[in-house]
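This report refers to the structure that appears directly beneath it.
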Amino acid sequence: MLRTRLRNRVATLLAASALFVGSFITLGAGNAAAADWTFEKSAVSSDGSFTIAAYYQGTYAGLMEWRGDPLPGDPGDAFRVLDRLSEGWGMEASMISPVTGRVATTRGHSAVYYSPWNTGDLAEGTTVYIQLCAVKGEYSSCSLAYSGHA
């Protein structure tokens with residue numbers, strides 16, 4: 001009886017150890033992939049416009065571009081993304097605030113590709129927060145949500 005309990009405890013300890021090691025390896029792989037991506041926000045211009053650049057292993061890979069006011073040929077209160085590299089990752093930006101559900105993405109397109117502008121009228125001066133992510137299937141590596149204004 002004592003041997004049976006000891007065997008059960010050893011088996012449980014081995015199973016828990018295997019689960020821990022498997023989780024550690026999986027989490028480590030995700031962190032390693034995330035470490036390949038870095039993001040850099042530009043200064044915010046007087047009209048609220050800004051960009052977020054994405055770098056893959058130190059190489060400029062893409063960007064998110066926010067336009068607070070229209071320019072010739074570009075709408076205002078709009079953002080789009082650019083995918084520059086053919087490394088298998090795409091670019092996807094989401095407006096975090098105000099909560100509008102607005103997304104610009106390069107999913108399904110080969111690089112070099114600009115997404116269409118994602119537009120929608122916002123009150124002048126409204127603070128916007130936008131996050132840029134490198135996406136590949138179900139995986140993503142994302143920037144902080146950076147702010148500008150309409």
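Sorted by first and then second residue, the ring pair (Phe, Tyr, Trp, His ring centres under 6.0 Å) pairs involving residues 130-150 (not counting sequence neighbours) form an empty list. Pairs passing the disulfide (SG to SG under 2.5 Å) check and including a residue from residues 67-104, sequence neighbours excluded, do not occur. Within the structure, salt bridge (Lys or Arg N to Asp or Glu O under 4.0 Å) pairs that include any residue of residues 105-118 comprise E92-R107 (at least two apart or interchain). Counting only residues at least two apart or on different chains, no disulfide (SG to SG under 2.5 Å) pair has a member in residues 44-130. Applying the side-chain hydrogen bond (donor to acceptor under 3.5 Å, both in side chains) test to pairs two or more places apart or on separate chains, those with a residue in residues 57-83 are E65-R67, E65-R80. Pairs engaging residues 42-71 under the disulfide (SG to SG under 2.5 Å) rule: none recorded [sequence neighbours left out]. Counting only residues at least two apart or in different chains, disulfide (SG to SG under 2.5 Å) contacts with residues 89-127 are absent.
Every residue two or more places apart in sequence or in another chain that forms a side-chain hydrogen bond (donor to acceptor under 3.5 Å, both in side chains) with S42 is listed here: T51. Among residues two or more places apart in sequence or in another chain, the side-chain hydrogen bond (donor to acceptor under 3.5 Å, both in side chains) test is passed with Y114 by none. Shown here are the side-chain hydrogen bond (donor to acceptor under 3.5 Å, both in side chains) partners of S45, two or more places apart in sequence or in another chain: D47. For the ring pair (Phe, Tyr, Trp, His ring centres under 6.0 Å) test, no residue two or more places apart in sequence or in another chain qualifies with F39.
At a threshold of 4.5 Å between side-chain heavy atoms, the hydrophobic network of Ile, Leu, Val, Met, Phe, Trp and Tyr places F79 and L82 in two separate groups. Hydrophobic cluster membership is shared by V44 and L144, with clusters built from Ile, Leu, Val, Met, Phe, Trp and Tyr side chains linked at under 4.5 angstrom.
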Review item, side-chain donor-acceptor pairs of residues 121-136, under 3.5 Å, at least two apart:
from: T126; atom 1: OG1; to: A123; atom 2: O; distance (Å): 2.7
from: Q131; atom 1: NE2; to: S143; atom 2: O; distance (Å): 2.8

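Distance check: S147 OG to F50 CZ gives 6.5 Å after rounding to the nearest 0.5 Å. For the atom pair M91 CE and L85 CG, the distance stands at 7.5 Å (nearest 0.5 Å).
A 4.5 Å side-chain heavy-atom check between W37 and Y56 finds at least one atom pair inside the cut-off.
Distance alone, capped at 3.5 Å, is enough to place a donor-acceptor pair between the T100 side chain and the R102 backbone.
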